[in-house]
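Here's the structure we're looking at; comments come further down.
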Amino acid sequence: MKKSEAKKRIILLSNELKLHNYNYYVLNNPVITDFEYDILMHELQELEKLFPEFAVADSPTQQVGSDLFSDYNLTQKKSVAQKANSTLPDNIASAAASSNTPQAAFVQYRHKYPMLSLGNTYDMEELYAFNERILKGVSDEYSGGVTYNCELKFDGTAICLTYKGGKLFRALTRGDGTSGDDVTLNVLNIPSIPKELESYAAFSERNCNIGLFQNENGGKLSAQEWIQWPDEFEIRGEIYMPYAAFERLNSQRESEGETPFANPRNAASGSLKLLDSNLVAERGLECTLYHVIAPDMNFKTHTEALEAARMWGLPVSDLSKECESIDEVIKYIVLWDIERKKLPFATDGIVIKVNRLSLQKSLGFTAKSPRWATAYKFKPEVALTKLVSIDYQVGRTGAITPVANLEPVQLSGTVVKRASLHNSEQMDLLDIHINDYVYVVKGGEIIPKITGVDSSKRQPNATKAAFPTVCPDCGTPLVKDAEEAKSFCPNSDGCPMQIKGKFIHFISRKAMNINAGEATIEQLYNRGLIKNLSDLYLLTKEQLLTLDNWKEKSVANFLSSLESSRGNNFERVLFALGIRYVGETTAKNLAGYFKSMDKLSAATKDELLEVEEIGEKLADSILDYFSKPEHLEMIAQLKDAGLQMEINDTGNQFLSDKLKGKTFVVSGTFSISREDLKITIERHGGKIGSSVSGKTDYLVAGEKSGDSKMQKAAKLGVAVISEEELQVMLNS
């Protein structure tokens with residue numbers, strides 16, 4: 001590779017990895033697998049070795065991935081104020097118990113000892129090379145070999161706990177390795193993390209009938225043999241979410257119209273960063289601790305330190321193993337590559353540490369990682385199973401999505417029965433045939449996708465899967481949208497699936513927020529009780545009581561939410577109509593410009609194009625919607641039902657001009673609703689944009705912020721700020 005090519009590739013890889021770090025650590029929304037990320041990282045490492053003149057100090061190869069928002073601000077460093085000394089009370093448990101209000105934001109503190117990341121490999125041979133490097137770096141006393149401690153690599157989010165006087169003093173996230181967010185109040189709501197350490201008396205009582213801790217004679221430890229915890233020490237570990245809690249949380253989110261988490265790791269990280277600490281207790285988080293740091297402890301080995309921590313009542317894994325050689329390490333890895341599939345939580349590898357603490361000290365650290373430890377990563381689990389059939393689902397906008405039905409197969413802790421095939425182009429690329437044996441992986445370890453076909457198992461009479469030419473629900477000929485690579489059913493007002501999809505969108509939390517779900521809409525439609533959106537407001541108590549499993553209370557809840565929806569503002573009503581391409585921001589811009597449904601419905605194309613962010617395609621969609629008499633009739637019926645069809649400025653008073661002249665794009669989820677956050681910006685003089693452009697001043701990024709917006713912000717040099725940093729601007 002030429003130097004000029006190497007320089008370009010290094011810059012490209014660095015920027016891409018920084019973006020993936022932001023998606024992973026800050027947004028908890030990775031768009032590639034760990035395996036794909038590690039391939040990019042290893043390529044960058046090799047290029048920097050070959051062309052060291054292009055290696056820079058802030059390269060991802062030299063920096064710890066950060067979960068702090070301010071680390072991805074591309075045009076300015078506006079970090080949240082950091083405090084050097086503690087302001088927490090000695091008894092933090094009582095302070096937490098007396099607080100029932102959400103935190104305004106997380107305060108950041110410096111780590112007493114840096115929290116670094118681990119080097120990793122997917123190759124067993126590299127573990128032997130790691131062992132050779134260790135042997136070269138130690139004295140002749142250990143030339144015959146060293147012992148290692150092997151532990152499961154929990155797939156969660158790192159945590160650092162400080163105990164003072166036997167009480168939990170502070171809990172910090174890893175942050176950027178130098179500073180982390182103070183999440184102590186949240187950690188206090190994780191049952192497995194003790195607020196106070198055990199005394200000998202409590203320890204002795206707890207272990208009176210079990211042989212976990214015995215002296216050399218096989219008896220129970222005496223008070224003299226019990227190890228007293230230091231007055232102050234740190235212990236680090238991983239907070240994670242077991243599969244059962246993850247599935248329960250996602251079921252709840254889906255029932256409430258929220259986007260489900262992609263995997264348990266994202267769910268754990270997002271839960272730990274909830275601003276309302278009382279909600280953390282509901283998430284079912286667990287913790288495993290694996291690294292004790294205290295300068296005045298006299299342990300000889302890592303194993304001894306963990307056993308002491310276990311005595312003190314701290315959650316330490318009982319699955320770790322002390323290995324006498326690298327060959328024994330390999331056997332441990334091979335065992336757990338199989339056994340991990342039976343675990344109730346996610347693990348993505350094995351951590352290997354030099355066991356003797358004096359050796360750890362002499363081996364030291366690189367800028368990013370300890371030299372005395374590494375991680376072996378399990379390759380993404382792949383399953384081969386039979387494709388039984390393909391369903392073609394119709395969305396509310398008419399888009400047709402192929403979904404593969406599979407013979408059930410166990411994959412990464414769950415049974416997989418279905419996987420998306422995206423569109424007809426993807427099916428052609430894979431050359432999918434019915435009854436093919438296909439390879440299935442989980443993107444981010446949870447979302448199933450088909451990556452290939454085992455053509456050697458294909459039967460001679462296998463038929464190629466044919467994408468439909470007519471709507472599978474109503475039989476209308478499909479049309480192809482070349483720009484979106486999707487096929488659509490144009491029968492938007494007559495296709496049952498589209499009609500039901502429009503109702504589901506209408507009742508969703510961000511639209512009219514009516515207390516019902518997909519099953520309710522299915523029943524109401526199938527029984528002929530609803531056809532147009534306005535029909536919801538004509539439903540009677542007697543009709544609702546005929547629905548399966550509906551009693552007086554469920555009817556009362558539905559009717560109450562229906563009544564409350566009449567108070568939703570005009571822009572939410574406009575968004576709820578489900579006009580193609582009209583999202584939340586577009587609805588807000590249209591409502592703000594035209595002020596009423598009557599004026600909007602009568603607008604010309606030229607008038608629509610004058611509205612910010614409205615282009616030809618969107619203008620044509622709006623004109624097409626309002627050209628249909630049945631839509632105008634339905635809107636009139638909704639107006640008669642009491643829905644707001646014009647702007648009501650009451651309560652939207654101006655507060656300040658602190659954000660005057662600045663345009664903001666808001667993406668992701670926050671401690672308040674996204675709509676309330678936008679209103680706050682506008683009431684302080686700011687302007688809301690629907691997409692990132694050269695006119696955008698700030699992208700306010702929350703949890704699960706859109707990857708495309710982040711990439712565009714990076715490309716255009718738009719400042720990326722967090723909700724907390726926005727608050728700093730408002731309070732300045």
Side-chain angles (χ1 to χ4, degrees), residues 24-26 28 63-68 71 80 82-88 92-93 96 103 106-118 151 153-190 192-197 229-240 265 268-274 277 280 285-297 299 302 305-306 308-310 312-317 351 353 357 360 365 368-370 372-373 375:
Y24 185 90
Y25 291 106
V26 178
N28 303 309
Q63 300 287 325
V64 174
S66 171
D67 60 29
L68 305 180
D71 282 1
V80 176
Q82 297 183 3
K83 296 184 179 180
N85 300 308
S86 170
T87 57
L88 294 174
I92 192 165
Q103 305 172 71
F106 294 108
V107 177
Q108 294 170 12
Y109 293 91
R110 292 185 67 84
H111 290 295
K112 190 171 183 179
Y113 310 96
M115 286 188 76
L116 304 180
S117 61
L118 285 176
E151 306 158 349
K153 187 175 182 296
F154 291 80
D155 196 11
T157 185
I159 194 71
C160 176
L161 307 178
T162 298
Y163 282 86
K164 284 187 179 183
K167 296 178 181 179
L168 179 62
F169 178 71
R170 177 176 293 136
L172 295 180
T173 67
R174 183 169 68 172
D176 61 1
T178 302
S179 300
D181 283 331
D182 183 353
V183 291
T184 312
L185 294 179
N186 287 355
V187 162
L188 287 167
N189 284 291
I190 300 175
S192 57
I193 298 178
K195 300 175 181 65
E196 295 189 33
L197 301 179
W229 25 261
D231 185 60
E232 180 177 349
F233 70 96
E234 284 187 7
I235 186 164
R236 294 172 176 176
E238 203 86 0
I239 289 173
Y240 62 94
R265 186 264 161 202
S269 183
S271 299
L272 188 61
K273 288 294 193 75
L274 288 169
S277 59
V280 178
L285 296 176
E286 296 288 348
C287 179
T288 295
L289 301 170
Y290 48 64
H291 186 52
V292 182
I293 306 176
D296 55 347
M297 287 196 298
F299 301 119
H302 177 75
L306 291 184
R310 195 198 305 272
W312 306 332
L314 291 163
V316 174
S317 173
V351 176
K353 299 176 182 175
L357 299 181
Q360 290 185 8
F365 304 84
K368 185 178 178 181
S369 310
W372 42 266

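What you see is a predicted model; the values in this text were computed from it and never measured.
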To the nearest 0.5 Å, tell me how far [X] [atom1] sits from [Y] [atom2].
X: W229; Y: W312; atom1: CH2; atom2: CH2; answer: 9.5 Å
X: I193; Y: I235; atom1: CD1; atom2: CD1; answer: 10.0 Å
X: T173; Y: Q108; atom1: OG1; atom2: CD; answer: 8.0 Å
X: C287; Y: L285; atom1: SG; atom2: CG; answer: 9.5 Å
X: L314; Y: L168; atom1: CG; atom2: CG; answer: 9.5 Å
X: L272; Y: N189; atom1: CG; atom2: CG; answer: 11.0 Å

With no hydrogens and no angle check, is any side-chain donor or acceptor of [X] less than 3.5 Å from a backbone partner on [Y]?
X: D176; Y: T178; result: yes
X: S269; Y: T157; result: no
X: H111; Y: G177; result: no

Atom of [X], atom of [Y] and distance for their closest heavy-atom approach:
X: A171; Y: T184; value: N-OG1, 2.9 Å
X: L306; Y: H291; value: CD2-N, 4.1 Å
X: S317; Y: R310; value: O-NH2, 3.5 Å
X: C160; Y: R236; value: SG-NE, 3.5 Å
X: A375; Y: K153; value: CB-CD, 4.1 Å

Validation row: [X], [Y] side chains within 4.5 angstrom (heavy atoms):
X: L185; Y: V280; answer: no
X: P370; Y: L118; answer: yes
X: Q360; Y: H302; answer: yes

Mutual orientation of the aromatic rings belonging to F233 and Y163 [parallel < 30°, tilted 30-60°, perpendicular > 60°]: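 Parallel: the ring planes of F233 and Y163 meet at under 30°.
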Verdict with reasoning, E151 to E238, per side-chain contact (heavy atoms from CB on, under 4.5 Å): CA-CA 12 Å; E151 306 158 349; E238 203 86 0; over 6 Å; no
Worked check of side-chain contact (heavy atoms from CB on, under 4.5 Å) between E286 and F154: CA-CA 11 Å; E286 296 288 348; F154 291 80; over 6 Å; no
Test side-chain contact (heavy atoms from CB on, under 4.5 Å) applied to R174 and S117, step by step: CA-CA 9 Å; R174 183 169 68 172; S117 61; 3.5 Å; yes
Candidate pair T162 and L172, rule side-chain contact (heavy atoms from CB on, under 4.5 Å), full reasoning: CA-CA 9 Å; T162 298; L172 295 180; over 6 Å; no
